[in-house]
2 protein chains.
Amino acid sequence: MTVTLADVAARAQVSPATVSRVLNGNYPVAASTRERVLRAVDELDYVLNGPASALAAATSDLVGILVNDIADPFFGIMASAIQSEVSGPGGRAGGERLAVVCNTGGSPERELTYLTLLQRQRAAAVVLTGGAVENPAHLAAVSAKLRRLADAGTRVVLCGRPPAPDTSAIALTFDNRGGGQELTEHLIGLGHRRLGYIAGPEERTTTRHRLEGHRAALAVHGIEEDPRWTVYGRYDRRSGYEATLELLRRDPSLTAVVAANDSVAIGACAALRESGRRIPDDVSVAGFDDLPFSVDAWPSLTTVRLPLAEAGARAGRIAMGREEPPPGGIATARGELMVRGSSGVPRK
Amino acid sequence: MTVTLADVAARAQVSPATVSRVLNGNYPVAASTRERVLRAVDELDYVLNGPASALAAATSDLVGILVNDIADPFFGIMASAIQSEVSGPGGRAGGERLAVVCNTGGSPERELTYLTLLQRQRAAAVVLTGGAVENPAHLAAVSAKLRRLADAGTRVVLCGRPPAPDTSAIALTFDNRGGGQELTEHLIGLGHRRLGYIAGPEERTTTRHRLEGHRAALAVHGIEEDPRWTVYGRYDRRSGYEATLELLRRDPSLTAVVAANDSVAIGACAALRESGRRIPDDVSVAGFDDLPFSVDAWPSLTTVRLPLAEAGARAGRIAMGREEPPPGGIATARGELMVRGSSGVPRK
DNA sequence: AGCGTTGCAGCAAGCGCTTTCTATACAGGG
DNA sequence: CCCTGTATAGAAAGCGCTTGCTGCAACGCT
């Protein structure tokens, strides 16, 4: 029924071995023979059997990209950058690898499941993106998985994610702490003294690092933090909206709201507006990530730009072995403070 | 080095066949034997070799999801819904299938390449999402591919995409035309007579259908369309921003701007605001899709809600054979007009 | 002329699993 | 007590491909 290598070989009047070598192009084949084979491939509309090939060669052309939330552009941008590098240098339309993204939905179990599935497929490489869940048991389980993957020859790269201890995984991280600190220092510099903070999910590394940066800035300027000023939530708009209402309820005198990311900040803006406050006249707002929509939010968002696409591209190249890993296997990219319309001098 | 089925069999003191049967659970195995095998699997930390299994069984557990733009929540939401259905009913954390999303970036070549790659892997199912490129040659090529995939036993489902002619693919489409018409009729009902339209890429089905709906509404109300009122662009914010400036240049007297989707509409809002116009007092704006951010844009966006998650979930179930395909293989979902703050009565 | 090279193609042995067919063991009915 | 039926396990034949090794011309060197 389906066309096999042998069919092609018969049609081209060569041995299956020769067809295989033409297709893989890693062994000398005479030009005339090659052409004959290629013609047969074309005429029969032959498509390689991936599993068979993977089995025989003990490698596959699958590259997995794990993301926490596929509906969030933060991950979309990184995934997109990774994929284009994996699919072929210079943006060749496709290339030979199957770059696929897997959506964990932020669930540790799903993360592990996908890792196993990828291990099962003998993936050529795996890129994990975004913050990790800080549960020790989970971290250990992930590290163990990554070790086994690496042992099996799968290249493992972490992108926008902290290094995995006891692992050979290359880590390209973001300086969330530094960015958070710089951002809050900017607000303090403007004169803010009562700053609310809307954090992400409590057990995420990203959440913790950004919050630590925020608090470091407060400490540097001798501002004692009121516990009521921090609310945890999710990394989405609705969460920002609700958390802001909660913050205002707890302390209506806040003059600034720092959000865990841009989506949250947008939600915060909506809540502030609905409560009759003007931005930044009454309350300043700051985000994180500098996603594309942030610049033309209203007002445009003061935030920290993260080199998402650059990091993704680099992770993709490293995963394909086309770029040297950074010394020590770890590289940290700094964020860049983007001061825009949503932050200003407090009026009271 | 790596653990194989035979190793597990040896450890459990059974034959490889028995281990395979325990793992696949489709053949009677005595409870005691099963347990022994499972223990051995656990102790050896055995992971099935996917390619070998796929080769022997002539099927794989890979399910591919093709999207035009992974950074766009429109696709993210559908992909996410598809993935959860594929990964297991009731949201089981993982399940047995590897649901992966492939980013075509809207490029026809990449679309074809991914289809071939998926065919190579003998994917269990493939779901194509979003508008198709209306190039006849490309459509024919895609149809041919889909036919071969179906022949090889791969289930093919189109989600938010028009039916593929001469194909057995199940199509779950959106009524873009009807939605577009309803939206524009709403604006006309408010009194608008000079409406700009920012379309998506010219060769996409989605673009054409939405625009046709818009024009149908104009025709119904006897409004003669000025060719200057339509600008084509991409489905992103920046495009909306630029297109709006262009529209205003061409005809500063427009009282409404209808955008191809919500992102474009957000960009339009930014451009209008920068040109000193108030929304909706001076100019009304309307989007399409009702993505999550639309409700708390400022002002909140009048748009057409598409059942993205529902359609995705259904597509996922059909792809897994857990739901009957619609009669005739085609189902069309209507959009729902969401009237919000960005549309109002024109003031002049 | 003899012989080592070089260039290209084929043989055949797997890769690790699934599955058909066969074998064995035991239970119960005649 | 033999025969049939039922339940469970094993043997072995591939699945379609890759690749180390062998084979064999043609070539150029001494």
Side-chain angles (χ1 to χ4, degrees), chain A residues 1-38 40-41 44-62 96 116-117 119-124 152-153, chain B residues 1-38 40-41 44-62 96 116-117 119-124 152-153:
Chain A
M1 190 80 269
T2 70
V3 183
T4 72
L5 234 211
D7 299 330
V8 176
R11 173 140 195 152
Q13 315 219 58
V14 296
S15 73
T18 302
V19 177
S20 170
R21 297 203 257 247
V22 168
L23 261 22
N24 291 300
N26 48 13
Y27 193 86
V29 174
S32 64
T33 313
R34 154 178 287 109
E35 206 200 320
R36 201 142 34 88
V37 169
L38 256 19
V41 165
L44 295 176
D45 212 354
Y46 170 68
V47 174
L48 189 70
N49 183 317
S53 159
L55 174 58
T59 59
S60 96
D61 53 4
L62 228 204
E96 296 309 314
T116 300
L117 253 14
Q119 181 184 2
R120 206 179 259 199
Q121 301 296 331
R122 305 300 188 251
Chain B
M1 191 78 268
T2 71
V3 183
T4 73
L5 235 212
D7 299 329
V8 176
R11 173 141 197 151
Q13 316 219 56
V14 296
S15 73
T18 302
V19 177
S20 171
R21 297 202 259 246
V22 168
L23 261 22
N24 291 300
N26 48 14
Y27 191 87
V29 174
S32 64
T33 312
R34 156 182 282 101
E35 207 200 319
R36 200 143 35 87
V37 169
L38 256 19
V41 165
L44 295 177
D45 212 352
Y46 170 68
V47 174
L48 188 70
N49 183 318
S53 160
L55 173 59
T59 59
S60 97
D61 54 5
L62 228 205
E96 296 310 313
T116 300
L117 253 15
Q119 180 184 2
R120 208 180 257 197
Q121 301 295 331
R122 305 298 188 254

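In what follows, chains carry the letters A, B, and so on, assigned in the order in which the sequence lines appear, proteins first and then strands, with residues in each chain numbered from 1.
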_Can you see if the side chain of B:Thr18 gets near the phosphate of D:dG10 - specifically, an N or O under 4.0 Å from OP1 or OP2?_
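The answer is yes; a side-chain N or O of B:Thr18 sits under 4.0 Å from OP1 or OP2.
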_Output the rounded distance in Å from CG (A:Leu5) to C1' (D:dT18)._
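Answer to the nearest Å: 9 Å.
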*Give the rounded distance in Å between these two atoms: CD of B:Gln13 and C1' of D:dA9.*
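Result: 14 Å.
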_Please enumerate all residues that pass side chain to side chain donor-acceptor pair (under 3.5 Å) together with B:Thr18, with sequence neighbours excluded._
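With neighbours one apart ignored, the set is B:Ser15.
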*Return the set of residues passing side chain to side chain donor-acceptor pair (under 3.5 Å) with B:Thr2 (not counting sequence neighbours), or none when no residue passes.*
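None.
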_Does anything in residues 28-38 of chain B come within less than 4.0 Å of DNA chain D? Heavy atoms only, and list the residues if so._
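Heavy-atom contacts with DNA chain D come from B:Pro28, B:Val29, B:Ala30, B:Thr33.
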Pairs where [range] contributes a residue and the test salt bridge (Lys or Arg N to Asp or Glu O under 4.0 Å) is met, not counting sequence neighbours:
range	answer
residues 46-59 of chain B	none
residues 15-34 of chain A	none
residues 4-14 of chain A	A:Arg11-A:Glu43
residues 49-59 of chain A	none

_Selection: residues 45-55 of chain B, any non-hydrogen atom under 4.0 Å of DNA chain C_ =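 Residues of residues 45-55 of chain B under 4.0 Å from DNA chain C: B:Tyr46, B:Leu48, B:Asn49, B:Ala52, B:Ser53, B:Leu55.
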*Only counting residues at least two apart or in another chain, list the ones meeting side chain to side chain contact (heavy atoms under 4.5 Å, CB included) with B:Ala30.*
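By the side chain to side chain contact (heavy atoms under 4.5 Å, CB included) rule, B:Ala30 matches B:Ser32, B:Thr33.
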*asked:* Among residues at least two apart in sequence or on other chains, which ones pass side chain to side chain contact (heavy atoms under 4.5 Å, CB included) with B:Arg120?
replied: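 Checked B:Arg120 against side chain to side chain contact (heavy atoms under 4.5 Å, CB included); matches are A:Val47, A:Leu48, A:Asp61, A:Glu96, B:Leu117.
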*Closest-nucleotide 5' rank along DNA chain D - winner of B:Tyr27 and B:Ala56*: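 Result of the comparison: B:Tyr27.
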*May I ask you to say what A:Ala57 touches in the nucleic acid, namely base, sugar-phosphate or nothing, with a heavy-atom cut-off under 4.0 Å?*
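It contacts sugar-phosphate atoms only.
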_Covered region of DNA chain C, 5' end to 3' end, by chain A [heavy atoms, under 4.0 Å]_ =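 Endpoints of the contacted stretch of DNA chain C: C:dC8 to C:dG16.
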*Overall bend - the helix from C:dA1-D:dT30 to C:dG30-D:dC1, comparing terminal axes fitted on five pairs, nearest 10 degrees*: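 Computed angle between terminal axes is 50°.
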*Taking the side chain from B:Ser60 and the backbone from B:Ala54, do they hold a donor-acceptor pair closer than 3.5 Å?*
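Here the side-chain-to-backbone pair does not exist.
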